[in-house]
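Below, chain A is the first sequence line, B the second, and so on; all start at residue 1. Both backbone and side-chain heavy atoms feed into the values below; hydrogens, waters and symmetry mates do not.
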Protein chains: 2
Amino acid sequence: MLKLSKKAEYALMAAKYMALKNSSGYSSAKEISENYQIPYQLVAKVLQNLVKSDIAFSAKGMNGGFALAKKPELISIIDIIKAVESKFKITDCMHENGSEQDCSHFNCCKIKDPLAVIQKKIDNVFTDTYLVQIL
Amino acid sequence: MLKLSKKAEYALMAAKYMALKNSSGYSSAKEISENYQIPYQLVAKVLQNLVKSDIAFSAKGMNGGFALAKKPELISIIDIIKAVESKFKITDCMHENGSEQDCSHFNCCKIKDPLAVIQKKIDNVFTDTYLVQIL
DNA sequence: TTCGAATCAGACTAATTCAGTCTTATTAGA
DNA sequence: TCTAATAAGACTGAATTAGTCTGATTCGAA
Ligand code: SF4
Ligand code: SF4
């Protein structure tokens with residue numbers, strides 16, 4: 001179906017929100033949740049993922065929250081998406097050392113290599129788009 | 001997760017099979033099913049979808065089967081995929097007249113337009129790849 | 001004219017994935 | 001010490017996907 005997950009969309013929305021917030025101070029999960037009608041717990045987890053991937057950093061306690069760790073010009077949206085989606089590939093076998101463990105058709109499959117070419121092109125679409133371009 | 005459905009993969013495999021079969025005669029669903037270890041009923045349905053989309057044609061009865069309706073140079077793989085996947089878009093709202101019916105965030109969403117740009121690029125990746133290129 | 005091999009069609013079920021919720025712990029400032 | 005915030009992970013329900021089942025239709029050959 002080639003659809004992005006909701007988590008990926010929420011991650012992009014949150015990143016954009018933080019980028020637009022003109023530098024000053026943190027954005028809290030609650031704030032983003034209310035602004036974009038995203039369930040609080042869900043956006044909180046997404047933000048935590050962004051922290052883990054060094055795209056954002058966080059501050060606990062009162063007046064705490066999240067903020068971008070780099071300039072929007074330096075953050076590729078593929079990193080934002082991969083922070084929340086582990087498998088961002090068009091097929092199950094599309095990774096280093098793909099094997100018959102990934103797909104029962106692996107041995108008889110004749111479309112792996114052509115699809116790898118397409119995968120690379122799609123990767124480039126995301127890799128070449130930076131947060132600053134979606135503000 | 002951005003993954004292609006199995007039906008889409010099967011459609012590509014079946015189209016490739018028919019293209020490689022040097023013109024002569026039909027390919028039966030059973031034949032393709034056995035060659036690629038795809039459940040018979042499933043590949044049969046996929047082939048029927050290809051017929052509906054005028055990518056292949058069929059002949060009933062003994063010695064019947066399926067064959068491509070056009071040259072592989074003229075068949076874009078986006079048509080093969082769309083024959084089996086109705087919604088081939090990265091978000092729910094990504095179609096003509098998308099509205100809040102499609103997504104509860106539609107009104108507050110700030111990433112629709114940037115994602116539409118990305119959608120267009122992805123569409124091009126598939127549109128610009130023809131069956132002949134994956135043989 | 002009967003039989004078998006094939007397409008055609010749609011309902012149904014099982015498996016997997018995704019979205020969202022719940023619970024509890026931790027941290028830091030007022 | 002109270003409160004507002006992040007942190008983490010288990011859990012549930014919903015939605016989607018993959019595969020199965022049943023039966024009809026069509027055509028060619030014996
Ligand atoms: S069908 Fe082929 S391309 Fe798809 S996952 Fe299996 S091996 Fe990979
Ligand atoms: S979140 Fe935005 S982009 Fe995604 S489906 Fe909803 S409206 Fe469209």
Side-chain angles (χ1 to χ4, degrees), chain A residues 1-11 13-14 18 25-34 36-53 56-67 69 81 83-92 102-105, chain B residues 1-11 13-14 18 25-34 36-53 56-67 69 81 83-92 102-105:
Chain A
M1 216 198 196
L2 209 81
K3 211 155 56 188
L4 250 43
S5 70
K6 280 292 176 191
K7 282 208 301 193
E9 292 195 327
Y10 296 159
M13 289 165 110
M18 290 187 285
Y26 296 104
S27 310
S28 74
K30 192 186 174 199
E31 196 181 333
I32 296 175
S33 158
E34 287 171 353
Y36 296 145
Q37 319 251 36
I38 306 171
Y40 169 76
Q41 311 269 16
L42 208 40
V43 79
K45 207 178 303 181
V46 163
L47 284 161
Q48 285 161 30
N49 288 336
L50 292 180
V51 172
K52 269 191 189 167
S53 301
F57 63 93
S58 67
K60 284 190 180 179
M62 244 180 172
N63 303 323
F66 300 85
I81 294 171
V84 294
E85 278 196 90
S86 48
K87 295 167 195 160
F88 195 59
K89 298 285 174 180
I90 60 172
T91 68
D92 291 326
D102 301 307
C103 172
S104 59
H105 306 100
Chain B
M1 214 197 197
L2 209 85
K3 210 155 60 186
L4 249 45
S5 68
K6 280 292 177 194
K7 281 209 301 192
E9 292 194 328
Y10 296 160
M13 289 165 112
M18 290 188 284
Y26 296 103
S27 310
S28 74
K30 192 185 174 197
E31 197 179 334
I32 296 175
S33 158
E34 286 171 352
Y36 295 144
Q37 318 251 39
I38 307 171
Y40 169 76
Q41 310 270 15
L42 208 40
V43 78
K45 208 179 299 186
V46 163
L47 285 160
Q48 285 160 30
N49 288 337
L50 293 181
V51 171
K52 269 192 191 169
S53 301
F57 63 93
S58 67
K60 284 189 180 179
M62 245 178 170
N63 302 323
F66 301 84
I81 294 171
V84 294
E85 278 196 88
S86 46
K87 296 166 196 160
F88 194 58
K89 298 287 174 180
I90 60 173
T91 68
D92 290 326
D102 300 307
C103 171
S104 60
H105 306 100

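One can place CD of A:E9 at 10 Å from P of C:dG20, the figure rounded to the nearest angstrom. The CG-P distance, from A:L50 to D:dA8, rounds to 13 Å in whole Å. Whole-Å rounding puts the B:N49 CG to D:dA18 P distance at 13 Å. Rounded to whole Å, atom C1' of D:dA5 lies 13 Å from atom CD1 of A:I32. In this structure, the CG atom of B:L2 is 15 Å from the C1' atom of C:dC18, given to the nearest Å. The interatomic distance linking B:K87 (NZ) with D:dT16 (C1') rounds to 9 Å, in whole Å. Residue A:L42 contributes atom CG, which lies 8 Å from atom P of C:dT21 at whole-angstrom precision. Look at CD1 on A:I38: it is 16 Å from C1' on C:dC18, rounded to the nearest Å.
When all heavy atoms of A:E31 and A:Y26 are compared, the closest pair comes out as OE1-O, 4.0 Å. Considering every non-hydrogen atom in both A:H105 and B:Y10, the closest pair reads CE1-OH, 3.1 Å.
At C:dA19, none of the side-chain N or O atoms of A:Y10 fall inside 4.0 Å of OP1 or OP2 (strictly under the cut-off).
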Would you list the protein and nucleotides 2-12 of chain C atom pairs, both N or O, that sit under 3.5 Å from each other?
from, atom 1, to, atom 2, distance (Å)
C:dT7, OP1, B:A29, N, 2.8
C:dT7, OP2, B:Y40, OH, 3.4
C:dT7, O3', B:S58, OG, 3.3
C:dC8, OP1, B:S58, OG, 2.3
C:dC8, OP2, B:S58, OG, 3.4
C:dA11, N6, B:K45, NZ, 3.0

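Side chain of B:S33 to main chain of B:I38: a donor-acceptor pair is present (N/O by atom type, distance under 3.5 Å, no hydrogens or angles).
Other residues, nucleotides and ligands contribute over 12 non-hydrogen atoms within 6.0 Å of the NZ atom of B:K89. Dense packing is recorded around NZ of B:K6, with more than 12 heavy atoms of other residues, nucleotides or ligands lying under 6.0 Å away.
We find the CG-OG distance between B:L47 and B:S28 to be 9.0 Å, quoted to the nearest 0.5 Å.
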